[in-house]
Amino acid sequence: MKSAAVAGQGIFRDAASDALIREAFFDQAARTWRLIVPDFGTLEGPFLVAALEYAGEHEGEATFAISLASAGEVTFGAA
């Protein structure tokens, strides 16, 4: 069985995207993700949110770091 692990960080575009990822993390429910890696390709399939961390500075934007672990078949499409 093949597996994939992906990690990244950034800021949420809106409250809805923050809520979806937070819900997936606390429910530990596999969700279908499409991950686009520029100049590499696209990974698509079920992933669990293995880790979710928030950080921020006083009066600044909140940032996040996320780790995803595959939870089934993941397909790859080259860029």
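Note that CZ of R34 and OG1 of T75 are 9.0 Å apart. Values are rounded to the nearest 0.5 Å.
Counting all heavy atoms, side chain and backbone alike, L48 lies closest to A71 at CG-CB, 4.1 Å. For A62 against I11, the heavy-atom pair with the smallest separation is O-CG2, 3.6 Å. The shortest non-hydrogen separation linking S70 to S3 is OG-CA, 3.3 Å.
F25 belongs to a hydrophobic cluster whose other members, connected by ILVMFWY side-chain contacts under 4.5 Å either directly or through intermediates, are V6, F12, I21, F26, W33, L35, V37, F40, L43, F47, V49, L52, Y54, F64, I66, L68, V74, F76.
Proximity of S17 to D14: side-chain heavy atoms (C-beta onward) are separated by under 4.5 Å at one or more points. Contact annotation: the side chain of E23 approaches that of R31 to within less than 4.5 Å [non-hydrogen atoms, C-beta and beyond].
No donor-acceptor pair closer than 3.5 Å links the side chain of T63 to the backbone N or O of G10.
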